[in-house]
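Residue numbers start from 1 in every chain, and the chains themselves are labelled A, B, ... in the order their sequence lines are given, proteins ahead of strands.
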Number of protein chains: 2
Amino acid sequence: MATDSTPASPRAEHADGFSGKRAAEIAGITYRQLDYWARTDLVRPSMAQASGSGSRRLYSYRDLLELRAVKSLLDAGIRLELVREVFSYLTVQLDEDVTRVNLVISGTSVMVRTGEEEIVDLLRHGQGVLNILPLSGVKEQVDARIVELYPEGRRVAGRAPADEYADKRIGRAASL
Amino acid sequence: MATDSTPASPRAEHADGFSGKRAAEIAGITYRQLDYWARTDLVRPSMAQASGSGSRRLYSYRDLLELRAVKSLLDAGIRLELVREVFSYLTVQLDEDVTRVNLVISGTSVMVRTGEEEIVDLLRHGQGVLNILPLSGVKEQVDARIVELYPEGRRVAGRAPADEYADKRIGRAASL
DNA sequence: GTGATGAGTCACAGGGCTGTAGTTCCACCG
DNA sequence: CGGTGGAACTACAGCCCTGTGACTCATCAC
């Protein structure tokens with residue numbers, strides 16, 4: 001990771017990571033929320049955990065995406081409890097192909113979907129409420145916010161070319 | 001019964017309304033929840049409000065649909081706070097044409113939609129999380145539950161023929 | 001009148017924060 | 001090397017929301 005040579009995107013500029021305070025600013029949450037989430041294991045800084053007063057948390061770019069995704073879900077009126085369930089699956093996945101994917105939450109079952117058609121299928125056959133979060137939006141927001149808050153003169157280019165996308169079911173919790 | 005002459009569906013049998021206890025059973029919630037919701041103005045019995053100890057609440061069939069819709073949203077991990085917002089708009093609408101309609105919640109904006117195509121549009125252009133609740137499911141569940149819990153020998157038939165369906169935006173809250 | 005039913009009330013629990021007052025670590029200065 | 005300042009984490013109290021349990025109390029049917 002540290003020896004990363006990928007070009008482009010605000011991502012590359014900050015291989016050194018983001019402080020707790022900055023992460024909160026970029027994700028658009030309060031510091032207290034960030035702290036609470038870290039202490040309760042919802043989103044933890046993957047580059048450096050806190051280890052007592054005076055230590056520093058260090059969030060990776062990917063962590064920022066998670067923080068922002070959590071905030072989006074919260075803004076949409078979803079209970080933190082469900083968000084926790086979702087992310088306990090999601091953490092495994094959610095890599096670089098985040099850009100064109102939709103996160104679909106049906107009850108406690110979570111999926112990553114690309115095509116709109118398949119989502120329509122879900123709609124047609126689905127019983128419960130469907131929560132759909134376009135992860136692309138999350139990435140865009142984070143990138144925009146980084147540039148906005150910390151322009152730092154450094155190079156900021158377009159994103160890398162698209163890869164293949166496929167639908168993946170990433171988890172399913174016990175039924176209600 | 002009363003002066004109602006509509007045929008079919010468990011609806012017709014209970015023009016006299018449902019007691020609080022029954023309403024809770026049918027909706028699949030606890031009596032305490034029903035009580036709390038009534039006292040905090042989320043779903044109130046439209047046929048008879050409580051007016052002191054010893055009085056009785058009376059819920060209409062339509063109230064049952066609301067109760068069940070609230071429960072569905074809750075089960076889907078949505079915060080009661082958002083549900084309140086949604087229903088403050090929804091209460092105006094939500095009539096008999098509930099059967100083929102989807103309730104779409106995007107942020108704090110609420111819509112009733114029929115065609116899947118239009119939902120796809122929302123997906124494609126939408127920024128935030130979309131919560132989609134098929135109201136048809138709600139009605140089916142309520143009907144099934146009534147028959148299941150109170151078969152009462154009375155006639156129970158299929159539902160009335162379809163009417164026209166149209167998309168209607170029913171409300172939009174202040175932006176975040 | 002009597003008892004069952006169901007609304008009213010109160011206290012309290014758990015989740016999700018928020019505010020504030022520490023604490024600790026680190027960098028920098030001399 | 002010791003002192004100083006500041007950034008960031010921690011501890012803890014407290015608030016609001018959503019119930020829940022346990023009673024109490026008013027009605028109604030008999």
Side-chain angles (χ1 to χ4, degrees), chain A residues 16-59 63-64 67 70-88 108 149-150 176, chain B residues 16-59 63 66-67 69-88 149-150 176:
Chain A
D16 42 326
F18 303 80
S19 71
K21 200 187 175 200
R22 289 197 160 188
E25 283 171 2
I26 294 167
I29 59 177
T30 66
Y31 177 77
R32 306 305 288 106
Q33 275 180 299
L34 181 106
D35 179 44
Y36 178 70
W37 295 355
R39 280 183 297 108
T40 55
D41 257 29
L42 175 55
V43 182
R44 298 213 279 161
S46 54
M47 300 181 68
Q49 308 279 331
S51 55
S53 281
S55 65
R56 272 109 208 265
R57 297 193 179 101
L58 216 49
Y59 289 83
D63 293 335
L64 296 187
L67 289 172
V70 169
K71 174 161 174 58
S72 295
L73 258 2
L74 247 36
D75 285 349
I78 292 172
R79 270 178 289 152
L80 199 62
E81 186 191 348
L82 177 60
V83 177
R84 281 184 201 282
E85 284 175 42
V86 168
F87 276 77
S88 62
T108 45
L149 292 174
Y150 311 105
L176 297 178
Chain B
D16 41 326
F18 303 80
S19 71
K21 197 184 177 200
R22 288 197 161 187
E25 284 171 3
I26 293 167
I29 59 179
T30 65
Y31 176 78
R32 305 306 287 106
Q33 274 180 301
L34 182 106
D35 180 43
Y36 178 69
W37 295 356
R39 279 183 298 104
T40 56
D41 257 30
L42 175 56
V43 181
R44 298 211 279 161
S46 54
M47 300 181 67
Q49 308 278 332
S51 56
S53 276
S55 66
R56 271 108 210 266
R57 297 192 180 103
L58 216 50
Y59 289 83
D63 293 335
E66 277 199 39
L67 289 172
V70 170
K71 171 153 176 63
S72 294
L73 257 3
L74 247 36
D75 285 350
I78 291 171
R79 269 177 290 145
L80 198 62
E81 187 190 348
L82 176 62
V83 177
R84 283 184 200 280
E85 285 176 41
V86 168
F87 277 77
S88 62
L149 293 174
Y150 311 106
L176 298 176

Over all atoms of both residues, closest heavy-atom pair of A:V43 and A:D63: CG1-O, 4.2 Å

Heavy-atom pair with the smallest gap, counting every atom of A:Y36 and A:R84: CE2-NH2, 3.9 Å

5' priority, DNA chain D, between A:K21 and B:W37 [closest heavy atom]: A:K21

Check: A:R32 side chain, C:dG19 base, donor-acceptor under 3.5 Å: yes

Atom-pair distance (CD on A:Q33; C1' on C:dT18), nearest Å: 10 Å

A:R56 CZ to C:dC26 P, straight-line distance once rounded to whole Å: 8 Å

For atom NZ of A:K71 and atom P of C:dG16, their distance in whole Å: 16 Å

Side chain to side chain contact (heavy atoms under 4.5 Å, CB included) evaluation trace for B:I29 with B:W37: CA-CA 11 Å; B:I29 59 179; B:W37 295 356; 3.7 Å; yes

B:S53 vs A:S55, nearer the 5' end of DNA chain C by closest nucleotide: B:S53

Gap between atoms CG and P, on A:L34 and C:dT18 respectively (whole Å): 11 Å

Side-chain-base donor-acceptor pair under 3.5 Å for A:T40 and C:dG16: no

Along DNA chain D, first and last positions that approach a heavy atom of chain B under 4.0 Å: D:dT18 to D:dT27

Rounded interatomic separation in angstrom, taking OH from B:Y36 and P from C:dA11: 17 Å

Contact summary for B:A38 and B:Y59, nearest pair of heavy atoms: CB-OH, 3.9 Å

Between P of C:dG15 and CG of B:L80, the distance in whole Å: 17 Å

Close side-chain approach of B:L73 and B:F87, heavy atoms under 4.5 Å: yes

A:D35: salt bridge (charged side-chain N to carboxylate O under 4.0 Å, His left out) partners, not counting sequence neighbours: A:R32, A:R39, A:R57

Heavy-atom closest contact (B:P45 atom, B:L58 atom, distance): CB-O, 3.2 Å

Length of the line joining A:R57:CZ and C:dT24:C1', which is rounded to integer Å: 14 Å

Closest-nucleotide ordering on DNA chain C, the 5'-leading residue of A:G52 and B:R39: B:R39

Selection from C:dT23, C:dG8, C:dG16 that lies nearest to any side-chain heavy atom of A:E81: C:dG16

A:R84 CZ to C:dG14 C1', straight-line distance once rounded to whole Å: 13 Å

